[in-house]
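Beneath this line is the structure, given in structure tokens, with notes to follow.
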Amino acid sequence: MRKVIALLVVLPCLVALIALAAELPAFGDADNPANNEVVERYIRQGVEETGAINVVAEILMDYRAYDTLIETTVLFCALVAVLLVLKGEVKKDA
Amino acid sequence: MTHLPIIVVALYLATAFALPLLGRVKKLHTGYFSLCIATAGLVMSLLTLFYVAREGTFSYFPGDWPPPVGIELSVDWVTVLMHLTINLIGLLVLFYCIEDLSSEVRPGHETWYYTLFFLLMASLNALAMAFDMFTVFVFTEICTLAACALVAIKPKALCVEAAFKYLILSTLGSGMLLLGTSLVYMVTGHLNMGLIGQLLPQAIDLYPLNILIALGLFIIGLGIKSALFPLHTWLPDAHSSAPTPSSALLSGLVVKLFIIVVGRIIFQVFGSELFLMIPIPEVILLFATFGIFAGSLMAIAQTDIKRMLAYSSVAQVCYIYMGMALVSQTGIQGGLLHVFNHAVMKSLLFLAAGAFIYKTGIRKIEDLVGIGYRMPLTMAAFSVGALSMVGIPGFSGFISKLTLAFGALEAESPFFVVVIIISSLLNAVYYLPIVLRGFFGRPATEFQWDKLPLLIIAPVLALAVINIFFGIFPGSLQELARLAAETWLP
Amino acid sequence: MFETLINILSALVSNMHYLTAMLLFLIGFHTMLTHSNLIKKIIGMNIMETSVFLFFISIGYVHNASAPILDDRVAAYVNPLPSALILTGIVVAVSLTAFSLAMVVMLYKHYGTICSDQIMRLREEEQ
């Protein structure tokens, strides 16, 4: 029963996503909309503005540092959660 | 002054990091320290309200990198309204935590509870002003993690199981959110909501399927997290088994913030014209209508009071979705009003139900007969929440339902006025018997006044007073909601 | 008719990375929905998240371009933004996996099984 429902959900998704994959901008094309002036700026002005040669690091540590702060907070949150769940011995009553 | 909203987030994060250390120092009361911080947060969000009222809305750029390269936080009227809701409810729930936690979590885990509480509050505050798709994703994740941990913190296998279910389904939702974000980034090259919104009308000619699937992924993904009707299956387990303060936070705030994010994506990224071009509003309205009835009917069938309140949340969330999907300004105003009013009502009801459980250990609705003789104040507060849920004039629930009904008329679909009226009757079917039996049922024992600790009764009464106040003087709140609705649908 | 089919197929072949990511997404999705084993649910969750990461990373790829570490001898770089975002995404996914595994440990200690159907039965017996 559950498998039938799952197939009914997944099959339309499969058709839609394959159609989507055919419609998307060509893979690896330098003229894709994602390769726009923002990327250009990260590469051209990144060294002056942040001093990092690695562009990924300069985005991570400077332009989008707010996200990175939260990324570390997620790690902290997971740490607290894991410790709590593993420490909290559940009473075995069965 | 423009730094205030981000200072709230930073303060909460710093408190979350510092609390485990403070917990090590013995004589420091982490609970009272947390209260001070939460009060400061509420004061700061009030100051933000006054600042925005005087100087107008503004954007904030962390690290001073303006949008195309950096991140934008938008402090508009929606943000102001949500910040007030979050910090007000959070503070009152925190009051309740101090006495109640010792009976809900293992001894010594209270400090960790406050840590998770502040992580949750920081993420909620940040989600309310996030204006960048990827920031939304990251804060969604931390919000989910903290919310699941707040359910799983109770040392019961039942809670861990509910939290697991919640986490798995939420992860599915966030996977969809990230996939949608990547699809939108792919065709526009931006992550900032405003810039995406400007470029989408051009992109839709080239990649129509892409945009459509992205919108679908956003709505389904965030619909799972905000328990839109057919995707609500995790909510009753998680909200009913969690510790009482967590239930109040999850039902009152967490679910709402995801609705706000959906609203931002629909109205500020895709825009109402695009949204109306495809029949998605109709689909949401259909599900919301089903959800209002299904949630109420399932709530009637419940015997556990917290489970009943959780199912009632399923129905109430659908009201807010209905308000947004009507795509009329009054409808959105009603939806946003209901975000505030439902947050107050539902946390009031959960905290009052928690107070019954704290004092008497009764969870079954039929055993609550005559509880009004034992705990008159708590039961009176519960009655205020219940009457407000039903939509009796004079309570705040009436105001938001009325505004939603006007919104339905403005959108020229009077059918939804009928839906609201019938569902109010259904609400009365399950809320009023509790009130009637609580006050007029024959008490099982002779009259005795069970005294509750001040810190438990005070937030419950405060929420009841807030509810009645905004039921009788709704003007300022309605104005705030109207301004917020104007940001989304000018 | 035949020509449009050829066009779609050639688009699919050139967008093979996107197609793979989509298929992996559905495989993960299906695993999460159908399996009652909690560990397999977590595996499905990871497959799904990784597929999204693969998809996001392939958006940034540019033919004949090198890694975005600045060098005078290089003419073109790939798009650095997806890589930066996915670094954050991976950390988030790891945190979620850790937490869910911890919860499975807890459930196994209590119920002695990691099958969600059996857990549901045992829970009803307890109540």
Side-chain angles (χ1 to χ4, degrees), chain A residues 2-3 5-7 9-11 13-14 16-30 32 34-36 38-39 42-43 46-47 52-60 63-64 67-68 70-72 74-79 81-86 88-94, chain C residues 7-12 14-23 25-26 29-30 33-34 36 58-65 67-71 76-85 87-89 91-92 94-99 101-103 105-107 109-112 122 125-126:
Chain A
R2 188 157 57 169
K3 290 203 167 148
I5 294 176
L7 272 183
V9 174
V10 168
L11 280 180
C13 297
L14 183 70
L17 288 183
I18 288 180
L20 175 68
E23 191 205 82
L24 291 175
F27 173 73
D29 194 345
N32 277 348
N35 300 324
N36 56 2
V38 183
V39 176
Y42 283 140
I43 290 171
V47 178
I53 294 179
N54 188 334
V55 185
V56 175
E58 95 196 7
I59 294 174
L60 210 60
Y63 293 117
R64 301 184 71 90
D67 285 349
T68 312
I70 305 314
E71 168 201 323
T72 47
V74 171
L75 216 52
F76 172 72
C77 186
L79 184 77
V82 168
L83 281 178
L84 276 177
V85 173
L86 288 183
E89 194 80 358
V90 176
K91 255 186 277 150
K92 208 171 198 168
D93 41 19
Chain C
N7 279 342
I8 290 176
L9 278 179
S10 66
L12 279 180
S14 71
N15 281 353
M16 205 168 58
H17 296 72
Y18 301 151
L19 185 66
T20 317
M22 294 301 179
L23 290 179
F25 184 84
L26 285 178
F29 184 59
H30 190 258
L33 283 186
T34 52
S36 61
S58 20
I59 295 173
Y61 181 75
V62 178
H63 287 304
N64 301 324
I69 297 169
L70 297 180
D71 189 338
Y77 301 101
V78 299
N79 187 345
L81 190 58
S83 318
L85 299 181
L87 270 174
T88 308
V91 173
V92 168
V94 166
S95 315
L96 288 171
T97 312
F99 184 37
L101 284 173
M103 286 201 280
V105 169
M106 208 63 260
L107 288 175
K109 269 190 198 159
H110 184 80
Y111 290 111
L122 285 170
E125 277 168 23
E126 270 178 25

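Proteins get letters first, then strands, A, B, ... in listed order; numbering begins at 1 in each. Computed over heavy atoms, backbone and side chain alike; hydrogens, waters and symmetry mates excluded. All values derive from a computational prediction rather than experimental measurement.
Across C/Met103, C/Met22, C/Glu125, the residue that shares the most heavy-atom pairs under 4.5 angstrom with chain A is C/Met22. Chosen from C/Ala102, C/Ala11, C/Ala65, the residue pairing most often with chain A at heavy-atom distances under 4.5 Å is C/Ala102. Counting heavy-atom pairs closer than 4.5 Å to chain C, the top-ranked of the candidates A/Ala6, A/Ala57, A/Ala81 is A/Ala81. Chain A forms the most heavy-atom pairs under 4.5 Å with one residue out of C/Leu23, C/Thr88, C/Asn7, C/Thr34, and that residue is C/Thr88. Listed options C/Leu85, C/Leu12, C/Asn79, C/Leu33 were ranked by heavy-atom pairs under 4.5 angstrom with chain A; first place goes to C/Asn79. Contact count versus chain C (heavy atoms, under 4.5 Å) is highest, among A/Leu24, A/Leu79, A/Leu7, for A/Leu24. Counting heavy-atom pairs closer than 4.5 Å to chain C, the top residue among A/Val9, A/Val47, A/Leu60 is A/Leu60.
Side-chain contact between C/Val62 and A/Asn35 is present, with at least one heavy-atom pair separated by less than 4.5 Å. Counting heavy atoms from C-beta on, the side chains of C/Phe99 and A/Val85 come closer than 4.5 Å.
C/Leu107 does not touch chain A: none of its heavy atoms, backbone or side chain, sits under 4.5 Å away. Only the side chain of C/Val105 comes within less than 4.5 Å of a heavy atom of chain A; its backbone N, CA, C and O stay farther away. Heavy-atom distances place no part of A/Ile5 under 4.5 Å from chain C, backbone and side chain included. Within the 4.5 angstrom heavy-atom criterion, no atom of A/Val38 approaches chain C. At a 4.5 Å heavy-atom cutoff, C/Ser10 makes no contact with chain A through either its backbone or its side chain.
Nearest heavy atom pair, residue A/Ile43 against residue C/Val78, reads CD1-O, 4.5 Å. What you find for C/Leu26 and A/Leu14 is that their closest heavy atoms are CD1-CA, 3.2 Å. In this structure, C/Ala84 and A/Ile59 approach most closely via the heavy-atom pair CB-CG2, 3.7 Å. Among all heavy-atom pairs drawn from C/Ile8 and A/Ala22, the shortest one is CG2-CB, 4.1 Å. Between C/Pro80 and A/Val56 the shortest heavy-atom distance is O-CG2, 4.0 Å.
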- Hey, mind stepping through C/Tyr77 and A/Val55 against side-chain contact (heavy atoms from CB on, under 4.5 Å) and telling me if it holds? CA-CA 10 Å; C/Tyr77 301 101; A/Val55 185; over 6 Å; no
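Under a cut-off of 6.0 angstrom, the local environment of CD1 in A/Ile53 is sparse, with at most 12 non-hydrogen atoms contributed by other residues, nucleotides or ligands.
Classified by interplanar angle (parallel below 30°, tilted 30° to 60°, perpendicular above 60°), the ring pair C/His17/A/Phe27 is parallel.
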